[in-house]
Amino acid sequence: MTMTTVLNLKIGEAKATPRLWMEGEKLARAGMKIGARYSLVSPTTGRIELREVGSDHQGQTFTVSKRTRHGSLRPLMEIRSFALREVFQSHEKVRVAIRHGRIVITANHLETKMLERSRRLLDKLRRGASLACASLFHGFGILDKALHAGFKRSGLSAFVKVAVERESTYLNASLRVNPELWTDESVAVCSDIRDVDWSHNPPQCDVL
């Protein structure tokens, strides 16, 4: 039986070269045989693929080695290549999917979102653009007002992109007495936060 194995791994380093280390029964269940050799397919943006090749293959290969643990033989593999850093650059973590003699390495989705958010924030700061705030359990907007004032003292501008508050009295009061927090882009949500659907077009915010 051949299964699909998915690993979330951190890119390490060995002898000043980026590397990934994989080991265990999960590799065997994904079809990786001890002694098999793998070669890098031409890396693309955000993706590296390795495929099993024959013994006559010319060029760099990565061999599935073995180690005995608790009386059982386990496959292990070290992928040591500068391609890891060339393709994934600032990423520390990657997702490795293994099935039927193919190994596909892609960027970790959470880390990708974090890097995108950081780049977006830095770009806004350089341009002097207003920072978009997400305000959960908004209440009367007291915390948001203090945040807005603090940013202003530092030469930054900010506004409430989305505010969620269950009590309509509190939300109405904030809309009435805190006009500096709200813009045409703002979304006021009067709801229990558990009932809010974030699955479609979630707002892109810089501050939570």
Side-chain angles (χ1 to χ4, degrees), residues 1-123 134 136 193-206 208:
M1 178 176 66
T2 302
M3 301 166 49
T4 298
T5 291
V6 176
L7 311 169
N8 283 312
L9 302 176
K10 187 173 182 178
I11 299 176
E13 190 175 288
K15 298 181 180 177
T17 305
R19 77 155 185 175
L20 291 176
W21 179 270
M22 306 181 291
E23 180 182 355
E25 179 66 23
K26 54 191 174 292
L27 305 187
R29 291 301 183 101
M32 292 179 64
K33 303 178 183 68
I34 293 171
R37 302 168 73 209
Y38 285 77
S39 175
L40 274 175
V41 180
S42 296
T44 58
T45 303
R47 176 188 172 99
I48 289 177
E49 183 175 337
L50 295 94
R51 292 183 184 173
E52 190 172 347
V53 295
S55 57
D56 58 344
H57 178 81
Q58 300 296 314
Q60 184 185 25
T61 58
F62 306 90
T63 303
V64 181
S65 303
K66 61 184 178 181
R67 176 153 60 181
T68 302
R69 276 279 180 90
H70 308 297
S72 64
L73 200 62
R74 295 180 174 182
L76 63 87
M77 186 178 193
E78 179 187 47
I79 301 171
R80 194 191 305 173
S81 171
F82 287 106
L84 290 169
R85 191 46 64 210
E86 291 166 5
V87 172
F88 300 112
Q89 298 179 6
S90 301
H91 286 80
E92 290 187 5
K93 296 179 181 178
V94 291
R95 177 185 185 270
V96 182
I98 310 166
R99 183 172 176 85
H100 291 316
R102 289 180 64 211
I103 302 171
V104 177
I105 308 170
T106 52
N108 177 277
H109 68 292
L110 292 177
E111 204 166 55
T112 296
K113 289 181 178 179
M114 289 168 60
L115 290 169
E116 287 174 353
R117 189 164 61 245
S118 296
R119 282 193 287 266
R120 188 172 66 245
L121 175 60
L122 290 172
D123 177 62
L136 309 182
I193 197 167
R194 293 170 293 187
D195 297 328
V196 179
D197 182 6
W198 302 106
S199 59
H200 302 291
N201 298 318
Q204 281 193 339
C205 296
D206 310 301
L208 176 63

Looking only at atom types and distance, does a side-chain atom of Thr5 sit under 3.5 Å from a main-chain N or O of Lys26, one as donor and one as acceptor? yes
d(Leu7 CG, Trp21 CH2) to nearest 0.5 Å is 13.5 Å
Let's go through Leu20 and Ile105 carefully: what are the C-alpha distance in whole Å and the side-chain angles of both, what is the deciding distance for side-chain contact (heavy atoms from CB on, under 4.5 Å) to 0.1 Å, and is it a yes or a no? CA-CA 10 Å; Leu20 291 176; Ile105 308 170; 3.9 Å; yes
Interatomic distance, OG@Ser118 vs CG@Asp206, rounded to 0.5 Å, equals 10.5 Å
- Message: Is it the case that the side chain of Arg51 and the backbone of Ser39 share a donor-acceptor pair, with hydrogens and angles ignored and the cut-off at 3.5 Å?
- Response: no
Do the side chain of Thr17 and the main chain of Lys15 share a donor and acceptor less than 3.5 angstrom apart?
yes
Between Met22 and Ile98, is a side-chain contact (heavy atoms from CB on, under 4.5 Å) present by the stated rule, with each step listed? CA-CA 11 Å; Met22 306 181 291; Ile98 310 166; 4.0 Å; yes
The single option from Met77, Arg67, Lys66, Arg74 that satisfies side chain to side chain contact (heavy atoms under 4.5 Å, CB included) with Ile34 is Lys66
Between Val64 and Lys33, the two heavy atoms sitting closest are CB-O, 3.3 Å
Paired with Val94, the side chain to side chain contact (heavy atoms under 4.5 Å, CB included) test is passed by just one of Ile11, Leu84, Val87, namely Ile11
inquiry  = Please check: side-chain N/O of Arg85 versus main-chain N/O of His91, any donor-acceptor pairing under 3.5 Å?
reply    = yes
Correct closest heavy-atom pair for Phe62 and Leu50 would be CD1-CD2, 3.6 Å
Rounded to the nearest 0.5 angstrom, the CG-NZ distance for Asn108 and Lys93 is 6.5 Å
Is there a side-chain contact between Phe88 and Pro18, using heavy atoms and a 4.5 Å cut-off?
-> no
All heavy atoms of Glu78 vs all of Ala14, minimum pair found to be OE2-CB, 4.0 Å
Of all heavy-atom pairs linking Leu27 and Pro75, the shortest is CD1-O, 3.7 Å
The salt bridge (Lys or Arg N to Asp or Glu O under 4.0 Å) partners of Arg119 (sequence neighbours excluded) come to none
Does atom NE2 of His57 have more than 12 heavy-atom neighbours, drawn from other residues, nucleotides or ligands, at distances under 6.0 Å?
yes
**Study point:** CG (Leu208) with more than 12 external heavy atoms under 6.0 Å
**Key:** no
| query | Between the main-chain N or O of Glu49 and the side-chain N or O of Arg102, is there a donor-acceptor pair closer than 3.5 Å? | reply | no
Distance col, row Lys113:NZ vs Arg120:CZ, nearest 0.5 angstrom, shows 11.0 Å
Residue pair Ile79 / Leu40, side-chain heavy-atom distance below 4.5 Å: no
Answer yes or no: is there a donor N or O on one side and an acceptor on the other, between the side chain of Glu52 and the main chain of Ala36, under 3.5 Å? no
Taken to the nearest 0.5 Å, the spacing of Thr112 OG1 from Glu116 CD works out to 6.5 Å
Interatomic distance, CD@Glu111 vs CZ@Arg95, rounded to 0.5 Å, equals 15.0 Å
The single option from His100, Arg29, Arg99 that satisfies side-chain hydrogen bond (donor to acceptor under 3.5 Å, both in side chains) with Thr4 is Arg99
Would a 4.5 Å heavy-atom cut-off, applied to side chains only, mark Val104 and Arg47 as touching?
yes
